[in-house]
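Working notes for the structure below.
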2 protein chains.
Amino acid sequence: MDRAAEATDGSLLLDDQLCFALYAASRAVTARYRPLLEELGLTYPQYLVMLVLWEQDSISVRDLGTALQLESSTLSPLLKRLEAGGLLRRERRPDDERSVAIRLTDAGARLQERARTVPLAIGDAMGLTAEQDAMAKQLLRLISSNVADG
Amino acid sequence: MDRAAEATDGSLLLDDQLCFALYAASRAVTARYRPLLEELGLTYPQYLVMLVLWEQDSISVRDLGTALQLESSTLSPLLKRLEAGGLLRRERRPDDERSVAIRLTDAGARLQERARTVPLAIGDAMGLTAEQDAMAKQLLRLISSNVADG
DNA sequence: CCCTAATTAGTTGTGCACGACTTAATAGCA
DNA sequence: TGCTATTAAGTCGTGCACAACTAATTAGGG
């Protein structure tokens, strides 16, 4: 079996591994975000939380976890830091005291304006055509959904 | 501007973001690896280090960092754990005492055999055709290289 | 109605990931 | 040769990410 055939097969060569390409690209993109988000006082996972909140304010920790595919053990401390930064508030739901509603503060809502340029800057840095962007998203979602169950 | 056009533009919707698809897919794949690697006593980044060492034994921390795109501040503690697990040794290079050579132990070399089934199992779980796999790798590498400089 | 099971957040411990810094050693030039 | 800049590895502090667990609350069957 030659080198090319191994690529989609059981090779142990790092550069044949799709998983490594994925892992490296993910960290590279996050690194690219870092300076932009630093100006907003956010880390990358915090930025993702804010994206969800700008879309749907007053969401439970559980639903936030579903949207971002993160555990409460990751979100709880992260949300605490965002609360300490004055971007959101956490309050127990009166109708179900197990649940905690996350709500934007005015400062949190206002931050959206300053964040509007971020996706464009990153999209620009990634340098994909619209077709490549769509194809990449489609493949990544396919991987996610295949890997989740199966 | 309608919803479809925004997708490749400056949308702040989470599900429009390629970066989120990337981040989610990367974590999903790593999660899929976890139980397989646990049997080998490895974490995912440790597995990547072992892949490099199986390919090229006796490599410096620096070159390992270049291969994996990781800082010495990440690798140093990770390598210490692998050394504590008996899979490798670290020794200063006699000709350049700044540099540390990472060498597999016999146990580390032997582990390769048990790891051979891992890429196949993951490849299977990702469920891509050979064409999709190749396309995904190509796009991810393009993203990585564009984002790195530019 | 009660009591057990399920649900929701949160805590704790381990291991990355990275920036800022430190220490030690080498390179290279005046 | 001596001195300064560079390089290599490592430490430290912060913030994820996740498994395992806990505490509090609610749901639902007998």
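Below, chain A is the first sequence line, B the second, and so on; all start at residue 1.
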- Query: How are the rings of Y33(A) and Y44(A) set relative to one another: parallel (under 30°), tilted (30 to 60°) or perpendicular (over 60°)?
  - Reply: tilted
- Find the distance L79(A):CG to dA9(C):P and express it as a whole number of Å. 10 Å
- State whether R98(B) places a side-chain N or O below 4.0 Å from either non-bridging phosphate oxygen (OP1 or OP2) of dG10(D). no
- dT7(D) phosphate, OP1 or OP2, under 4.0 Å from R62(B) side-chain N/O: no
- Message: Rounded to whole Å, how long is the line connecting atom CE of M50(B) with atom C1' of dC16(C)?
- Response: 18 Å
- Pairing of R116(B) and E113(B) as salt bridge, 4.0 angstrom limit: yes
- Residues E83(B), R90(B): salt bridge by 4.0 Å N-O rule: yes
- Query: Under a 4.5 Å side-chain heavy-atom rule over Ile, Leu, Val, Met, Phe, Trp and Tyr, are L48(A) and I102(A) clustered together?
  - Reply: yes
- Message: When you measure from the side-chain N and O atoms of R90(A) to the phosphate of dG10(C), is any distance below 4.0 Å, counting only OP1 and OP2?
- Response: yes
- Between dT8(C), dA9(D), dG10(C), which nucleotide gets closest to the side-chain atoms of S72(B)? dA9(D)
- Does S73(A) make a side-chain donor-acceptor contact with the base of dA19(D), cut-off 3.5 Å? yes
- Taking for R92(A) and for A28(A) the nucleotide of DNA chain C with the nearest heavy atom, the one nearer the 5' end belongs to R92(A)
- Once you round to the nearest 0.5 Å, how far does CE of M126(B) lie from CG of N146(A)? 10.0 Å
- Name the nucleic acid region contacted by R93(B), choosing base, sugar-phosphate or nothing; use a 4.0 angstrom heavy-atom cut-off, strictly under. nothing
- Task: Describe the nucleic acid contact of T43(B) in one word from base, sugar-phosphate, nothing, applying a heavy-atom distance below 4.0 Å.
- Result: sugar-phosphate
- Query: Where the side chain of E55(B) meets the backbone of L14(A), is there a donor-acceptor pair that is under 3.5 Å apart?
  - Reply: yes
- Query: Tell me: OH of Y47(B) to P of dC16(C), nearest whole Å?
  - Reply: 15 Å
- Message: Nearest heavy atom decides the nucleotide; on that basis, is E71(A) or T74(B) closer to the 5' end of DNA chain D?
- Response: T74(B)
- Query: What integer distance in Å separates L48(A):CG from dG15(D):P?
  - Reply: 17 Å
- Task: Could you tell me whether a side-chain N or O of Q132(A) sits under 3.5 Å from a main-chain N or O of T129(A), the two making a donor and an acceptor?
- Result: yes
- Task: Report the distance from atom CG of D96(B) to atom P of dG28(C), rounded to the nearest whole Å.
- Result: 12 Å
- Query: Within the pair Y23(B) and dC16(D), is there a side-chain N or O less than 4.0 Å away from OP1 or OP2?
  - Reply: no
- Query: Counting just side-chain N and O atoms, does R27(A) come under 4.0 Å of either OP1 or OP2 of dC18(C)?
  - Reply: yes
- Ignoring backbone atoms, establish whether Q46(A) has a side-chain N or O less than 4.0 Å from OP1 or OP2 of dC16(D). yes
- Does the side chain of K80(B) get closer than 4.0 angstrom to OP1 or OP2 of dG15(C) through an N or O atom? no
- From the options dA9(D), dG10(C), dC18(C), select the nucleotide whose nearest atom is closest to the side chain of V100(A). dG10(C)
- Atom CG of L70(A) to atom P of dA19(D): distance rounded to whole Å? 12 Å
- Item | Length of the line joining Y44(A):OH and dC18(C):C1', which is rounded to integer Å | 16 Å
- Task: Identify, between A31(A) and A101(A), the residue whose nearest nucleotide on DNA chain C lies closer to the 5' end.
- Result: A101(A)
- Looking across every strand, which nucleic acid part, if any, lies under 4.0 Å from S60(B) by heavy atom: base, sugar-phosphate, or nothing? sugar-phosphate
- Query: Side-chain N or O of R81(B) less than 4.0 angstrom from OP1 or OP2 on dC16(C)?
  - Reply: yes
- Task: To the nearest Å, give me how far apart CD (E97(B)) and C1' (dT7(D)) are.
- Result: 15 Å
- Give one of base, sugar-phosphate or nothing for S99(B), where a contact means two heavy atoms less than 4.0 Å apart. sugar-phosphate
- Query: Within the structure shown, what part of the strands sits under 4.0 Å from L75(B) by heavy-atom distance: base, sugar-phosphate, or nothing?
  - Reply: nothing
